[in-house]
2 protein chains.
Amino acid sequence: MKYAVILAGGWGERLWPMSTRERPKQLLELAGEGSLVAQTLARVAPLVTVEGSLVLTGAALRDRMVEELEQIPPARIVGEPVGRNTAPAIALAAHVLVAQDPDAVLTVLPADHVIQNAEAFRRALAVAFDAAESERALVTLGIRPTRPETEYGYVREGEPSGIDGVFEVERFVEKPDRETAARYLLDCGYHWNSGIFIWRADVFLAEVERHLPEVAAALEAVEGEPGTAGFEAGIEQFYRESPGISVDYGVMEKADRVVVVPCEIGWDDVGAWPALARIWPTDEAGNAVEGEAIVLDSEGTVVYSEDGLVAVVGLSDVVVARTAGATLVCPKDRARDVRAVVEELKRRGLVKGK
Amino acid sequence: MKYAVILAGGWGERLWPMSTRERPKQLLELAGEGSLVAQTLARVAPLVTVEGSLVLTGAALRDRMVEELEQIPPARIVGEPVGRNTAPAIALAAHVLVAQDPDAVLTVLPADHVIQNAEAFRRALAVAFDAAESERALVTLGIRPTRPETEYGYVREGEPSGIDGVFEVERFVEKPDRETAARYLLDCGYHWNSGIFIWRADVFLAEVERHLPEVAAALEAVEGEPGTAGFEAGIEQFYRESPGISVDYGVMEKADRVVVVPCEIGWDDVGAWPALARIWPTDEAGNAVEGEAIVLDSEGTVVYSEDGLVAVVGLSDVVVARTAGATLVCPKDRARDVRAVVEELKRRGLVKGK
């Protein structure tokens, strides 16, 4: 059967102060109706066994996720005691799924992305499930680039595989420089690596044993059904022992058989503030404004207020975001440096966490 | 005897949102201890008869001023039913003072300026009182320019008068362009027109009769002591009938005998946000920060927060100001355009007034 594995850890710190540890990005309603995580589940629900699916989130957020995703049995919403990046989380999910269903096929879905064309997404996903089952491949959804993005990884497609719309992956490319990204934009063979994956649980676990033996070894501690005391103790040990590593670096770039399903689905990872200028409506001057605001003589701004008025005069291509507790002001092209603010907040003890 | 006439109308809208109609600039504590208006009174108190002095403010602010200036008898804090600029307000004060003391000499003090050297101010004021009494002149304090300011009027000094430190006024100059202001900065004969004036009440009223006959005529409605019903009715009529005009344009530029007392007293009119970079302490990068803030990779900013945190990353020479109700963001060199925001707020009904 088919299952969703929703990765709902982290909190989207580059969207601070809209996103916070207590009110993380995946619980925000950034586009469309409902939180990003609720939309993630709703979007995939027609294709998978919802009650058999799994959600992995931070332990502190688990209760909130249980409320938010009421179609998922609470036991299947797993609170990670500590974040270990994507590879261990997905390996744990595959380990659980293969125990309940040796033929389990799963799709890994980040909980905090926007996908504006759900129909096209499900069509691509159906193709990907087919490739994962019939070819025992690791499948990634590749997104047709629409700008020379330097913050994403890319997938270079190779030969067509045996299935329509599926291509061998020639190689993965780390975040490129501007010039390279501009070249990729003109080359139809490059796709953004969406972080949406599809594979059989057993195929993935075999790759983990091969390429991430420490993760595979740590998995041995995990036994029993999610929600049982044994399982909880097992994952405590698993997360303590497992190294932190991304699935892209740890598995995808090294695995035997990786294929890509190119698609155009209105995908955006909403990684940082400038993304909202792509998602929110903009005025004639390209200002994306949400909330009470006065924007005069300014172009290309992203202005957000959930608490009081924001007035911007004579500044272009800036982000101004106001919440009950804080205001952020930075140029759009420095939006990644919001991390530095969050680091300073942690240093001052105003934000908890590492 | 000598009296102070404190002009405490208006609300400093270019300092919005720190300054608002309900909490105007003159009631803020921008530098030193106490509100600007309280400091204005305390600074001049050693030289004048405080209980005979007068304060003119907006009717809506009168009760607040009575609380704030407890040394002044409440009856002598006059609520203007409508603002008519400076000439009518000063004429009204002179009219009241000359009735109680035919030899009254008064100093007109804007309530919302910063003067960092009170001793030097009082020395200059003593010289000015002398010139006002012995020479029956209209006296203005001239401030030695410290930058090529284009937002102030200037006074050009002429020949020395009969008193040490007092000069005839050759002419007044409206706000100059940048190039002219730069020239004035190098020419020791030009001074900023501070808006601080000193004269005999009768001498001023004679000039009003000559140059502002409509104001003089409207004054006829005002009889009796401040605080009496007759007086209140009189000023209602006076403000209704009087034209709105500034004392600079209406009297000073036309009067017979005008002299200037040049001085260096640490004066600033704190007319707009960039002034606070001159008044508040700055860090090595020239950032003036008041309140909880994180300012990274930015120079020459003015950052103010009285409610929550303000984070600024990678932006120079901007103003960011956050209050409980609003956040303002603009470049320092657009700070005068804060007026446009206030106009928009009025249009939306979020700020009352014309």
Side-chain angles (χ1 to χ4, degrees), chain A residues 13-18 20 272-273 287 289 291-298 301-351, chain B residues 13-18 20 272-273 287 289 291-298 301-351:
Chain A
E13 61 182 8
R14 281 177 299 161
L15 290 182
W16 179 90
M18 176 169 63
T20 64
W273 279 102
N287 300 299
V289 178
E292 197 187 353
I294 292 175
V295 180
L296 300 176
D297 215 1
S298 301
T301 64
V302 177
V303 178
Y304 170 76
S305 178
E306 61 187 52
D307 172 77
L309 177 94
V310 169
V312 180
V313 184
L315 269 173
S316 291
D317 298 314
V318 295
V319 174
V320 181
R322 178 180 164 117
T323 64
T327 296
L328 166 73
V329 184
C330 73
K332 271 158 100 180
D333 64 7
R334 297 293 301 273
R336 82 192 70 179
D337 296 323
V338 172
R339 280 189 200 282
V341 173
V342 173
E343 286 310 309
E344 178 62 22
L345 289 169
K346 288 176 184 168
R347 208 183 59 75
R348 295 188 187 181
L350 295 172
V351 163
Chain B
E13 61 182 7
R14 282 177 298 160
L15 290 183
W16 179 89
M18 175 170 63
T20 64
W273 279 102
N287 300 298
V289 177
E292 196 186 352
I294 293 175
V295 180
L296 301 176
D297 215 1
S298 302
T301 63
V302 177
V303 177
Y304 171 75
S305 178
E306 61 187 51
D307 172 76
L309 176 95
V310 169
V312 180
V313 184
L315 270 172
S316 291
D317 297 316
V318 295
V319 174
V320 181
R322 179 181 164 116
T323 64
T327 296
L328 166 73
V329 184
C330 73
K332 272 158 99 178
D333 63 9
R334 296 294 301 273
R336 80 192 71 175
D337 296 323
V338 172
R339 280 189 201 281
V341 174
V342 173
E343 285 312 309
E344 177 62 20
L345 288 170
K346 288 177 184 167
R347 207 183 61 75
R348 295 189 188 180
L350 296 172
V351 163

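By convention in this document, chain letters (A, B, ...) are assigned in the order of the sequence lines, proteins followed by strands, and residues within each chain are numbered from 1. If you're wondering where the values come from, they're calculated on a predicted model, not measured in any experiment.
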With rounding to the nearest 0.5 angstrom, report the [atom1] to [atom2] distance, [X] to [Y].
X      : Y     : atom1 : atom2 : answer
A:Y304 : A:L15 : OH    : CG    : 10.0 Å
B:T20  : B:E13 : OG1   : CD    : 12.0 Å
A:E306 : A:M18 : CD    : CE    : 8.5 Å

## Note on the structure
So ring-ring contact (aromatic ring centres under 6.0 Å, His included) across residues 328-347 of chain A, not counting sequence neighbours, yields none

Tell me, for [X] versus chain B, whether the close heavy atoms (under 4.5 Å) come from the side chain, the backbone, both or neither.
X      : result
A:A293 : backbone
A:L328 : both
A:V312 : both
A:A324 : backbone

As an exercise: rank [options] by heavy-atom pairs under 4.5 Å with chain A and give me the winner.
options                : answer
B:A340, B:G308, B:A311 : B:A311
B:E344, B:R348, B:E292 : B:R348
B:V310, B:I294, B:V320 : B:I294

### Task
Taking all heavy atoms of B:W273 and all of B:R14, pick out the closest pair and write down the distance.
CD1-O, 3.3 Å

Pick from [options]: which one has the most heavy-atom pairs with chain B under 4.5 Å?
options                : value
A:V319, A:V303, A:D297 : A:D297
A:D307, A:D333, A:T323 : A:T323
A:P331, A:A335, A:G314 : A:P331

#### Entry: Passing option when B:V329 is tested against A:V318, A:L315, A:V295 for side chain to side chain contact (heavy atoms under 4.5 Å, CB included)
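Result: among A:V318, A:L315, A:V295, A:L315 is the only option passing the side chain to side chain contact (heavy atoms under 4.5 Å, CB included) with B:V329.
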
### Message
Looking at A:R347 and A:E343, is there a salt bridge between them, counting it only when a charged N and a carboxylate O are closer than 4.0 Å?
### Response
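A salt bridge is absent here (no side-chain N lies under 4.0 Å from a carboxylate O).
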
